Protein chains: 2
Amino acid sequence: MTSIADKASTRRRPHDSTATRRALLDAGRTVFDELGYDRATTREIGERAGVDPALIARYFDCKEGLFLATLAGGADDEQLDFEPRALLAFLVERWDERGHSPISRALASPTLTDDVRQQVSSVVSERLLKRLVEVLRERGAPEPELRAELLVAMAVGIAMTRANGTLETLSGAPRDEVLAALGPVVDALAAP
Amino acid sequence: MTSIADKASTRRRPHDSTATRRALLDAGRTVFDELGYDRATTREIGERAGVDPALIARYFDCKEGLFLATLAGGADDEQLDFEPRALLAFLVERWDERGHSPISRALASPTLTDDVRQQVSSVVSERLLKRLVEVLRERGAPEPELRAELLVAMAVGIAMTRANGTLETLSGAPRDEVLAALGPVVDALAAP
DNA sequence: TGATATTGTCAGCGACTGATGACATCAATT
DNA sequence: AATTGATGTCATCAGTCGCTGACAATATCA
């Protein structure tokens with residue numbers, strides 16, 4: 001018990017900078033995703049990480065620096081299936097569960113810093129669009145770049161409205177049902 | 001000149017409560033839409049309305065009260081075409097131009113007060129969903145409520161990502177091109 | 001004209017936020 | 001063991017925010 005490498009324990013092993021960094025990153029991801037950038041406070045992030053908020057400034061320069069870092073990391077783009085239906089299902093599933101990636105929130109945000117916009121663009125492009133565009137091109141879909149981004153945009157809209165409960169039927173419907181209804185829609189988007 | 005009913009003039013006609021109310025509503029709509037609820041400040045709204053910010057509290061109780069009021073009014077649901085393609089085109093067009101309705105922002109917002117969620121729900125339902133559902137039902141589309149909300153959700157995602165520029169191709173593409181690509185997609189959503 | 005309610009102005013309060021810098025604590029090296 | 005750099009803690013600052021209450025200006029009506 002009380003393993004020295006205990007991660008989520010109440011007592012932080014002192015003077016372990018990499019553990020502190022990661023704790024802040026994890027907590028930041030969660031809080032930014034749950035509350036959005038503006039509502040998220042450095043004090044809240046620090047508390048959830050079990051770390052003094054002042055360390056955000058030390059390791060990430062400022063709040064926005066931590067935000068940028070959370071955007072970059074986190075999503076391990078393991079063996080994703082880039083078949084359009086499967087990818088939409090993955091995105092909706094991922095963004096349905098809060099606390100993992102603030103990218104969907106950034107994509108849906110009204111105002112973005114230049115740095116953040118650039119970061120989001122490059123992450124989404126690298127992790128999702130690049131290979132999705134390839135798949136669409138193989139299928140002979142016209143304007144594959146545009147259609148790939150449209151698929152991501154659709155996922156964003158669905159995830160956000162499902163999360164905040166403004167569209168009641170959509171929010172209440174089980175994910176399977178939503179995805180089933182979307183099947184032919186995605187096919188139409190990916191058709192030649 | 002210097003008409004007594006001059007609305008955007010530098011000098012406000014004194015003691016005209018209805019004009020003041022409307023000025024605050026208009027400015028609120030614009031600022032909430034441009035900046036989102038959190039970034040919008042009562043001082044900024046007051047300045048744009050040419051009105052002392054303290055009057056927000058008098059006429060709308062508080063900032064959120066003004067926000068609720070902006071959600072309710074504004075959109076004159078004139079002779080809308082509820083044919084799905086046309087409706088999506090209308091929504092994307094409307095939400096492409098900032099400063100008119102903060103509803104899209106509310107739909108894309110991560111966290112919502114109960115009051116705001118309820119207001120957004122009822123406005124969207126009354127103005128858009130109700131008749132769109134009818135059209136979908138006439139067409140024999142299954143789960144017309146779900147599909148109607150999916151169309152709105154798609155419009156939200158597209159509008160937000162286009163506005164913040166995170167998806168570069170989609171943001172840069174002319175609206176016509178985007179809507180053209182979406183035509184078959186909407187048809188698939190509305191198909192029986 | 002004088003009395004009264006409505007409307008607009010202004011200064012400032014209390015709370016919160018991100019950030020800073022002085023200080024304490026720890027660990028590694030000599 | 002002593003030194004030194006790295007790491008963590010804390011109090012606090014400066015700025016911003018929504019909101020309030022006292023007061024001034026205006027309109028309405030007797």
Side-chain angles (χ1 to χ4, degrees), chain A residues 4-28 31-32 34-70 102 111 113 115-116, chain B residues 2 4-28 31-32 34-70 102 110-111 113 115-116:
Chain A
I4 204 176
D6 211 343
K7 208 171 61 178
S9 145
T10 51
R11 291 229 193 151
R12 163 157 316 285
R13 179 165 120 217
H15 296 76
D16 184 341
S17 63
T18 67
T20 301
R21 268 188 69 101
R22 194 172 49 205
L24 285 174
L25 273 171
D26 289 344
V31 178
F32 284 135
E34 285 181 5
L35 270 44
Y37 182 83
D38 288 329
R39 300 268 172 108
T41 69
T42 56
R43 285 171 171 84
E44 168 82 12
I45 294 171
E47 193 172 357
R48 290 217 207 174
V51 156
D52 192 289
L55 295 180
I56 292 176
R58 194 194 297 277
Y59 291 113
F60 302 95
D61 232 45
C62 60
K63 182 188 178 187
E64 184 173 319
L66 174 60
F67 186 61
L68 284 170
T70 62
T111 309
T113 313
D115 286 342
V116 174
Chain B
T2 66
I4 205 176
D6 211 343
K7 210 169 61 176
S9 147
T10 50
R11 290 229 194 152
R12 163 156 315 284
R13 181 166 119 214
H15 295 76
D16 184 341
S17 62
T18 66
T20 300
R21 267 187 69 101
R22 194 172 47 205
L24 284 174
L25 273 172
D26 289 343
V31 178
F32 284 134
E34 285 182 4
L35 270 48
Y37 181 82
D38 288 328
R39 298 269 173 106
T41 68
T42 57
R43 286 173 171 85
E44 167 83 12
I45 294 171
E47 192 172 357
R48 291 217 207 173
V51 156
D52 193 288
L55 295 179
I56 293 176
R58 195 195 295 281
Y59 290 113
F60 302 96
D61 233 45
C62 60
K63 182 188 178 186
E64 183 173 319
L66 174 60
F67 185 61
L68 284 170
T70 63
T111 310
T113 314
D115 286 341
V116 173

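Quick note on labels: first sequence line is chain A, next is B, and so on, each numbered from 1. None of the values given here were measured: they were computed from a predicted structure. Only this structure's heavy atoms are used, side chains among them; waters, hydrogens and symmetry mates stay out.
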Euclidean distance, atom [atom1] of residue [X] to atom [atom2] of [N] [Å, nearest integer]:
X      : N       : atom1 : atom2 : value
L55(B) : dT6(C)  : CG    : P     : 15 Å
D16(B) : dA27(D) : CG    : P     : 10 Å
R22(B) : dT7(C)  : CZ    : P     : 15 Å
E47(A) : dC10(D) : CD    : P     : 13 Å
R21(A) : dA6(D)  : CZ    : P     : 15 Å
E44(B) : dG18(D) : CD    : P     : 11 Å

Hey, what are the protein-to-nucleotides 22-27 of chain C N/O distances that come in under 3.5 Å?
residue, atom, partner, partner atom, Å
dT25(C), O2, H15(A), NE2, 3.0

**Q.** Atom pair CD1/CD1 of I45(A) and I56(A) - distance to nearest 0.5 Å
**A.**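 Going from the CD1 atom of I45(A) to the CD1 atom of I56(A) covers 5.0 Å.
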
Q. Atom OG1 in T70(B), atom CG in L68(B): separation rounded to 0.5 Å?
A.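 Going from the OG1 atom of T70(B) to the CG atom of L68(B) covers 7.5 Å.
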
Polar atom pairs (N or O), protein with nucleotides 14-21 of chain C, under 3.5 Å:
residue, atom, partner, partner atom, Å
dG18(C), OP1, A40(A), O, 3.2
dG18(C), OP1, K63(A), NZ, 2.8
dG18(C), OP2, T42(A), N, 2.9
dG18(C), OP2, T42(A), OG1, 3.2
dG18(C), N7, R43(A), NH1, 2.9
dG18(C), O6, R43(A), NH2, 3.1
dA19(C), OP2, K63(A), N, 2.9

Q) Can you say whether the rings of F32(B) and F67(B) are parallel (under 30°), tilted (30 to 60°) or perpendicular (over 60°)? A)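 Because their plane-to-plane angle is over 60°, the rings of F32(B) and F67(B) count as perpendicular.
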
Q.
Using the side chain to side chain contact (heavy atoms under 4.5 Å, CB included) criterion, which residues pair with S17(B)? Sequence neighbours excluded.
A.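 If we apply the side chain to side chain contact (heavy atoms under 4.5 Å, CB included) test to S17(B), skipping adjacent residues, the hits are Y59(B).
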
Q.
Per the side-chain hydrogen bond (donor to acceptor under 3.5 Å, both in side chains) rule, what does the pair list look like for residues 48-58 of chain B, sequence neighbours excluded?
A.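 Of all non-adjacent pairs touching residues 48-58 of chain B, those that pass side-chain hydrogen bond (donor to acceptor under 3.5 Å, both in side chains) are E34(B)-R48(B), E44(B)-R48(B).
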
Q | side chain to side chain donor-acceptor pair (under 3.5 Å) against T113(A), all qualifying residues, sequence neighbours excluded | A |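 Checked T113(A) against side chain to side chain donor-acceptor pair (under 3.5 Å); matches are E64(A).
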
Q.
Would you say CG of D61(B) has more than 12 non-hydrogen atoms from neighbouring residues, nucleotides or ligands within 6.0 angstrom?
A.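 No - once you tally the heavy atoms of other residues, nucleotides and ligands closer than 6.0 Å, there are 12 at most.
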
**Q.** Test salt bridge (charged side-chain N to carboxylate O under 4.0 Å, His left out) applied to R39(B) - qualifying residues, sequence neighbours left out
**A.**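 Checked R39(B) against salt bridge (charged side-chain N to carboxylate O under 4.0 Å, His left out); matches are D38(A).
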
